[in-house]
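Let me begin by presenting the structure, written as structure tokens, before commenting on it.
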Amino acid sequence: MKVCIIEDEKLLADWIAKKLTKDGYNVDVYYNASDFMNSFSQSADLYVLDIWLPDSSWYEIIDFLREWKKVNSPIIISSWYSDVENKIHWLNIWADDYIVKPFLPEELVARIKALIRRSYSWETTNILKYKNYTFDTTNKIIRKWKEQVKLSKKEMDIVEYFMFNKLKLIKKATLISSVWWEHDWLWVSDNTINVTISRVRKKLWDNFNLVTIVWEWYMLRGQ
């Protein structure tokens, strides 16, 4: 597994890299945004990004990864901002975790390992099963019994996400950041979400029990 650290506090970045390397991870460290973007050759399995770098903003780097390089690997944001509103803001804009400075390096390392474990257990599960549906995550094919069901890409993303997270309460903001991650969450309207989910229900509804709970939460019920 490869971890990329973009952090201008050199001692902190080097300590984290040393610890991860000792634990068997392949680590790239960059102390500014320019060096990172200029040397980018292949995506990492996870990124740790300080949102305040001397030569660039957090948005430029995330836009570079998500829009230009089409990277969907997890991103952990580190920041001095500790208020809840800022945390929610960063997590809704394509980040997967948020850690407040100052923090113990051991805590960040633990979060990196946990996030990689969660993210790539999904990707290494080739076949997801739910009732009489199977989802081939490698070839992006969903079948009801043995018959393939035709879905759009976003419909497919929603089905895959909920099959992996069945029986879990999913908040609307979490669904947006996971399925519509290429857009700013402010630009994903309720109508967009409702229409897409409605199409999924129409195509799979008889046994695909995806329910809305108090408008802001969703759950795929049943096994």
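Quick note: residue numbers are just sequence positions, from 1.
- Under the 4.0 Å criterion applied to side-chain N and carboxylate O atoms, E106 and R111 are not assigned as salt-bridge partners.
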- Query: Would Y47 and I62 count as a side-chain contact (heavy atoms from CB on, under 4.5 Å) if you check the C-alpha gap in whole Å, the side-chain angles of each, and the deciding distance to 0.1 Å?
  - Reply: CA-CA 10 Å; Y47 296 84; I62 292 182; over 6 Å; no
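- Residues I5 and Y31 form no side-chain contact, since every pair of their non-hydrogen atoms from C-beta on lies 4.5 Å or further apart.
- Residues L104 and W15 do not share a hydrophobic cluster, clusters being chains of Ile/Leu/Val/Met/Phe/Trp/Tyr side chains in contact below 4.5 Å.
- Note that the CG atom of L49 and the CZ atom of F36 stand 8.5 Å from one another [nearest 0.5 Å].
- Residues T212 and W217 fail the side-chain proximity criterion, which asks for heavy atoms closer than 4.5 Å.
- Under the salt bridge (charged side-chain N to carboxylate O under 4.0 Å, His left out) criterion, K113 pairs with D23, sequence neighbours left out.
- For Y218 against I193, the heavy-atom pair with the smallest separation is OH-CG2, 3.5 Å.
- If you take CG on L65 and CE on M37, they are separated by 9.0 Å, rounding to the nearest 0.5 Å.
- The hydrophobic cluster containing I141 does not contain F164, counting ILVMFWY residues as joined when their side-chain heavy atoms lie under 4.5 angstrom apart, directly or transitively.
- With contacts defined as side-chain heavy-atom distances shorter than 4.5 Å, the pair I142/M163 qualifies.
- For the atom pair CG of L210 and OH of Y161, the computed distance is 11.5 Å after rounding to the nearest 0.5 Å.
- Tracing side-chain contacts under 4.5 Å through hydrophobic residues (I, L, V, M, F, W, Y), one reaches V27 starting from F103; they form part of the same cluster.
- No side-chain donor-acceptor contact under 3.5 Å links K140 to the backbone of K153.
- Residues I76 and L108 are in side-chain contact: their nearest non-hydrogen atoms beyond the backbone lie under 4.5 Å apart.
- A side-chain donor-acceptor contact under 3.5 Å links S39 and Y30.
- For the residue pair D96 and S73, the shortest heavy atom distance occurs at OD2-O, 4.2 Å.
- Atom CD1 of I197 sits about 11.0 Å away from atom CD of E155, to the nearest 0.5 Å.
- Residues E7 and S78 form a side-chain contact, since some pair of their non-hydrogen atoms from C-beta on lies under 4.5 Å apart.
- Judged purely by atom type and a 3.5 angstrom limit, E9 has no side-chain atom pairing as donor or acceptor with the backbone of L11.
- For the side-chain hydrogen bond (donor to acceptor under 3.5 Å, both in side chains) criterion with K2, the lone passing option out of D28, N26, D45 is D28.
- Donor-acceptor pairing under 3.5 Å is lacking for the side chains of T196 and R201.
- Shown here are the salt bridge (charged side-chain N to carboxylate O under 4.0 Å, His left out) partners of D14, two or more places apart in sequence or in another chain: K10.
- We find the CZ-CD1 distance between F208 and I158 to be 9.5 Å, quoted to the nearest 0.5 Å.
- Here the options are V48, I112, L46, the test is side-chain contact (heavy atoms from CB on, under 4.5 Å), and the partner is L20; only I112 passes.
- For the 3.5 Å distance criterion, the side chains of D35 and N32 qualify, holding a donor opposite an acceptor.
- Proximity of the aromatic rings of F40 and F64 is defined here by a centroid distance below 6.0 angstrom, and this criterion is met.
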- Message: Apply salt bridge (charged side-chain N to carboxylate O under 4.0 Å, His left out) to residues D190 and K172 and explain how you reach the verdict.
- Response: CA-CA 9 Å; D190 285 350; K172 184 181 290 183; 3.0 Å; yes
- Test log, rule side-chain contact (heavy atoms from CB on, under 4.5 Å), inputs I170 and M219: CA-CA 6 Å; I170 306 297; M219 178 187 284; over 6 Å; no
- Message: The test is side-chain contact (heavy atoms from CB on, under 4.5 Å); show your working for K150 and K203 and say whether it passes.
- Response: CA-CA 9 Å; K150 292 185 178 180; K203 295 176 181 180; 6.0 Å; no
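- At least one side-chain heavy atom of M156 sits less than 4.5 Å from a side-chain heavy atom of F135.
- With a 4.5 Å cut-off on side-chain heavy atoms, I99 and I77 do not count as touching.
- Once rounded to the nearest 0.5 Å, the distance linking OG1 of T134 with CH2 of W145 reads 10.5 Å.
- Residue A17 comes nearest to V29 through the heavy atom pair CB-CG2, 3.5 Å, listed as atom of the first residue, atom of the second, then distance.
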- Message: Run the side-chain contact (heavy atoms from CB on, under 4.5 Å) test on Y25 and I116 for me, step by step, so that the C-alpha distance in whole Å, both residues' side-chain angles and the decisive distance to 0.1 Å come before the verdict.
- Response: CA-CA 11 Å; Y25 291 84; I116 285 178; 3.7 Å; yes
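- Residues K144 and L204 fail the side-chain proximity criterion, which asks for heavy atoms closer than 4.5 Å.
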